[in-house]
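Written below as structure tokens is the structure these notes are about.
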Amino acid sequence: MNKPIKTQHQALPLADLPEFFQEMINASDLPEMKQPEVSRRGFLQLSGLAGGGLVLGGFATAGSQRAFAQDAAADVATLSPYVQIKPDGRIIIFAKNPECGQGIKTGLPLIIAEELDCAWQDVDVVQADVDATKYGAQLAAGSLSTLQNWMGMRQAGATARAMVLAAAAKQLKLPVAELTTADTKVIHAASTREWSYGEFAELAATMPVPDVATLILKDKSQFKLLGRRFTGVDNVAIVTGLPLFGADKVLPEMTYATFTKCPQVAGKAVSFNEAHIKSLPGVIDAFIIEPFLDARFFSANNGAHFGGVAIVASNTWAAIKAKRELAVQWDTSTAESATWDELVARATALADQDGEPLMVNVGPPGPNGPNRAPADRGDAPAALASAAKVISAFYEYPYVTHAQLEPETATALFKDGKIEIWAPAQIPQGGETGAAVVAGVEEVNSTLHMTRIGGGFGRKLANDYVFEATAIARRMEGRPVKLQWTREDDMMHDFYRPGGFHSYKAGLDASGNLIAFQDHFISMTGNGTGPMTSADLSASVFPMDIVPNLKLTQTLFQNGISTGPMRAPSSNAIAFTFQSFLHELAVASGKDHVQFLLDTLGDELPSEDPRGMHRGRAASVIKAVAERAGWGKEMPAGRALGLSYYFCHSGYVAQIADVEVSASKEVRVHKVWAVADFGFIHNLNGAENQLEGGIVDGLSQLFNAKITFNNGVIQQQNFHQYPLLRMPQTPELDTLFLQPEEFAPSGGGEPSMPPLLAAVSNAIFNATGERIRKMPLSESGYRLV
Amino acid sequence: MATLQINGQTMDIGEIDPSTPLLWVLRDTVGLLGTKYGCGIAQCGACTVHLNGAPVRSCQIPVGNLTNEQITTIEGMAAADGTLTPVQQAWIEHDVPQCGYCQAGQIMSASALLKNNSNPSDAEIDAAMSGNICRCATYTRIKRAIKSAASSMNGTAFYNAAKQGEQV
């Protein structure tokens with residue numbers, strides 16, 4: 001077996017987050033971060049005694065509990081920051097992480113409810129406050145929530161259950177060993193008596209918090225909730241239109257604001273037609289907000305915040321109307337001036353050359369900075385020279401925007417030296433901290449309330465709109481402000497998924513085995529310090545983690561159009577290029593695609609990198625999807641199956657698309673089969689939703705998604721120029737989850753999407769013989785119908 | 001002082017710029033926040049409401065054009081006692097929402113479809129729903145929920161949603 005290059009694995013996309021947040025996440029010392037140990041010992045071994053040292057930061061400490069109790073209503077007993085019990089037996093479980101459609105507001109409380117041994121219908125779920133001391137890291141990022149919180153949530157539930165039992169024993173004057181629990185009840189089997197948890201709630205809240213090492217966790221066979229289907233806890237509120245989302249907060253005397261940035265990215269507002277704007281009906285005030293340049297929140301390499309003009313009015317429409325009459329003098333001397341078509345031409349001209357050595361992390365950062373070395377293993381040029389076949393290909397993908405349906409919004413009030421914000425935010429702790437900086441107050445005087453997020457996909461990891469609302473509220477001291485971006489603001493001022501180019505060269509031996517792999521990766525840098533966010537390449541992507549001879553080089557174009565993480569960051573585009581190219585290699589090898597992938601995977605072993613790909617799990621999803629879709633079956637003319645596989649964010653997904661292509665390049669995707677391995681699935685509804693959504697999201701990106709820029713100005717402003725997939729284009733979906741017991745549960749939001757891109761493109765090749773090496777497919781004349 | 005007929009009630013909306021889209025009157029003036037802003041150009045359908053029973057994009061209806069039209073929003077769908085419509089019930093049971101932001105608009109479009117066509121074909125569902133974007137891509141569940149609601153309204157059998165807590 002070839003020794004893999006040790007890299008900081010892509011599965012943990014912390015490199016995509018600003019340094020501040022990386023530190024925050026790392027500092028939270030979550031148990032599941034010790035992934036290798038969890039994997040080896042396995043799921044079932046983690047049942048029973050939880051073991052020491054696995055406690056979530058602050059989750060059950062006496063101090064945080066007392067602090068929390070001060071906020072609680074009088075008749076509610078607070079057992080921990082996660083669990084309250086009412087006298088009538090209702091259980092309140094706090095959902096720590098932001099909900100953006102990934103189902104975590106249902107998923108994490110379910111885990112607590114399981115170990116608390118309560119009936120789900122007795123539970124009310126409440127969104128937690130933002131508080132790192134109580135909850136550790138609170139974020140919606142990297143498909144990490146289940147992975148990071150699986151053990152902590154179980155411990156939180158078991159802790160509360162132990163406190164209820166201790167209180168019951170004391171109150172009933174019975175030995176605790178004679179008591180058991182079920183369905184929110186304490187049971188004394190010997191006397192066949194049972195009591196609601198509510199009867200012991202008040203006393204339970206005064207019980208000492210048990211040492212985590214003494215907690216007894218359930219064995220999987222004892223699960224009553226986990227592993228079943230549960231619908232979203234906010235479903236009723238959603239279908240009846242109750243206020244839940246970012247823009248739904250209403251405060252007395254509220255004002256409504258728009259914010260206008262320079263159309264040329266990074267231009268700065270110098271002056272505007274202030275007298276005219278202020279004379280318009282409903283306008284209360286208008287002013288320039290300077291850029292926020294605090295490096296903790298915006299990296300200069302990824303596109304910082306650039307300031308703009310705020311208009312505050314008595315209602316949203318007045319603010320939008322006034323925005324349309326805004327005439328701003330912009331300083332564009334330091335603005336971006338890139339043009340996408342020029343970058344494409346430059347990249348294409350470099351296709352036959354190598355770039356600079358591509359540096360990858362080979363260990364944790366040392367005292368002198370990052371620990372990096374060139375991604376170079378074996379002797380790729382020599383292996384290519386001796387290969388039986390050499391295949392070259394040049395792939396391209398564009399910038400894309402998140403297009404989450406809820407445009408950026410935040411409501412803020414600055415009063416009595418305190419800033420209070422209601423906002424949809426994927427990293428609410430960062431929003432709260434940054435708002436303190438922007439408002440010029442101590443952090444203790446900054447409060448952010450998490451609203452439900454009307455779609456995140458990574459866009460709301462940036463808190464730029466939170467800081468804008470804060471700055472506007474600071475100026476409007478004493479009056480609440482609701483900031484509402486327009487769709488045009490959103491599409492023209494995103495932190496985009498960057499475009500990029502891959503010039504591949506690979507060698508096959510006489511038996512059709514992959515022996516050498518080269519990639520000249522052409523990507524973007526904002527300030528010359530390295531690739532921008534999501535513009536990087538990890539050498540741990542399959543098959544680079546396995547191939548014996550590997551050489552990666554890189555050319556970085558200077559282009560500061562802001563970039564950021566988007567669903568499956570650093571995987572969403574390269575899954576298309578790598579898995580399409582692997583199919584090219586399979587065709588050249590003369591082998592069946594499934595067989596070529598399995599042969600390339602080789603021994604079904606875990607990676608030496610604990611976060612790396614387990615080849616056996618990879619092979620399992622590929623084999624399962626092939627069987628499910630009837631791979632190899634006869635297909636009508638113009639119609640074919642296409643396969644793709646990808647591993648990222650700890651998840652393994654293989655997909656097969658059944659695609660029909662007409663002579664005029666109309667493409668109908670009849671069906672997509674997807675087999676995923678995210679470990680144990682604790683709520684099947686949630687996992688299915690992520691997998692189904694990922695597939696259809698992928699179709700949107702594959703066929704139509706493209707952002708372009710001319711002289712630094714984004715050319716797309718709304719959905720008529722950036723079409724998203726609609727119901728008639730949606731294929732039939734077939735999903736299956738393999739659930740090997742020895743691996744910790746991980747998330748499905750991100751790994752669900754990437755394989756779709758190449759599965760459909762490979763199917764088009766199988767149906768027509770045309771290889772497509774550029775996204776979106778609309779550029780090659782294909783139209784999804 | 002202008003008034004609107006919203007969810008069966010006469011609502012005073014005060015002195016208001018007649019060019020204001022109904023969407024913003026609902027959200028900012030009346031305080032009905034279930035109707036969502038997504039694009040402002042009738043591309044996404046998040047702001048869909050019923051005007052005399054027909055689905056319209058409220059971001060495109062200047063309030064000055066309205067007089068006695070009956071406006072129905074997502075808040076007006078359930079019965080006064082809180083009983084949900086079959087469409088709302090199906091949305092919950094099939095666990096349609098992911099982020100949920102578009103779903104009020106989706107439900108308004110689906111409800112209008114089923115009012116006029118109690119047994120729509122796949123193609124009819126596609127046509128009626130093609131003006132509503134779901135960025136989370138819940139379309140397959142939306143379609144199942146519409147069929148489920150139709151069968152429940154017709155008393156016929158269709159795909160039943162998995163039950164809460166169903167073992168898998």
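Just so we're on the same page: letters track the sequence lines, and every chain starts at 1.
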Residues A/D248, A/R452: salt bridge by 4.0 Å N-O rule: no
Proximity breakdown for B/E93 and chain A, heavy-atom pairs closer than 4.5 Å: backbone
Contact class of B/T85 relative to chain A, heavy atoms under 4.5 angstrom: neither
Pair B/T72-B/N7, side-chain donor/acceptor within less than 3.5 Å: no
Partner chain A: residue of B/M129, B/Q89, B/K36 with the largest heavy-atom pair count (under 4.5 Å): B/K36
Largest heavy-atom contact set with chain B, pairs under 4.5 Å, which of A/E99, A/K224, A/Q484, A/Q102: A/Q484
Option in A/A237, A/G282, A/A247, A/G103 with maximal non-hydrogen atom pairs under 4.5 Å from chain B: A/A247
side-chain contact (heavy atoms from CB on, under 4.5 Å) between A/T106 and A/T231, worked out: CA-CA 8 Å; A/T106 306; A/T231 54; over 6 Å; no
Chain B contact via A/V250 - which portion, at a heavy-atom distance below 4.5 Å: side chain
cation_pi(B/R135, A/F457) dist<6.0 Å, angle<=45: yes
Interface residue of largest heavy-atom contact number with chain B, from A/N718, A/V696, A/D490, under 4.5 Å: A/N718
Interchain contact, B/I107 with chain A, by part (heavy-atom threshold 4.5 Å): side chain
Contact origin within A/P723 toward chain B - heavy atom pairs under 4.5 Å: neither
Partner chain A: residue of B/Q98, B/Q88, B/Q106 with the largest heavy-atom pair count (under 4.5 Å): B/Q98
Any side-chain donor near an acceptor of the partner, A/W317 and B/S19, under 3.5 Å: yes
Closest-packed option against chain A by number of heavy-atom pairs under 4.5 Å, given B/Q103, B/M77, B/K143: B/K143
SB check A/E406 A/K460 (cutoff 4.0 Å): yes
Contact leader toward chain B among A/T486, A/L733, A/L225, A/L110, where contacts are heavy-atom pairs under 4.5 Å: A/T486
Region of B/L23 in contact with chain A, defined by heavy-atom distances below 4.5 Å: neither
Salt-bridge contact A/K323-A/D489 (side-chain N to carboxylate O under 4.0 Å): yes
Contact leader toward chain B among A/L244, A/T730, A/T240, where contacts are heavy-atom pairs under 4.5 Å: A/T240
Partner of A/Q717 under side-chain contact (heavy atoms from CB on, under 4.5 Å), chosen from A/M492, A/M491, A/R487: A/M492
Top of B/T73, B/I74, B/L84 for chain A proximity - count of heavy-atom pairs under 4.5 angstrom: B/I74
Salt bridge flag under 4.0 Å for residues A/E692 and B/R141: yes
Chain B contacts, top residue of A/D697, A/N315, A/L699, A/I695 (heavy-atom pairs, under 4.5 Å): A/D697
Which atoms of B/D122 approach chain A - backbone, side chain, both or neither, heavy atom under 4.5 Å: neither
B/Y37 ring center near B/W24 ring center (under 6.0 Å): yes
Contacting moiety of B/V96, where chain A heavy atoms sit under 4.5 Å: backbone
Pick from B/G34, B/C39, B/C44 with the largest number of heavy-atom pairs that fall under 4.5 Å of chain A: B/C39
Minimum heavy-atom distance between B/G38 and A/F719, given as atom pair plus value: O-CE1, 4.1 Å
Among B/A46, B/G31, B/G131, B/P97, residue most engaged with chain A (heavy-atom pairs, under 4.5 Å): B/P97
Check ion pair B/D28-A/K482 (N to O, under 4.0 angstrom): no
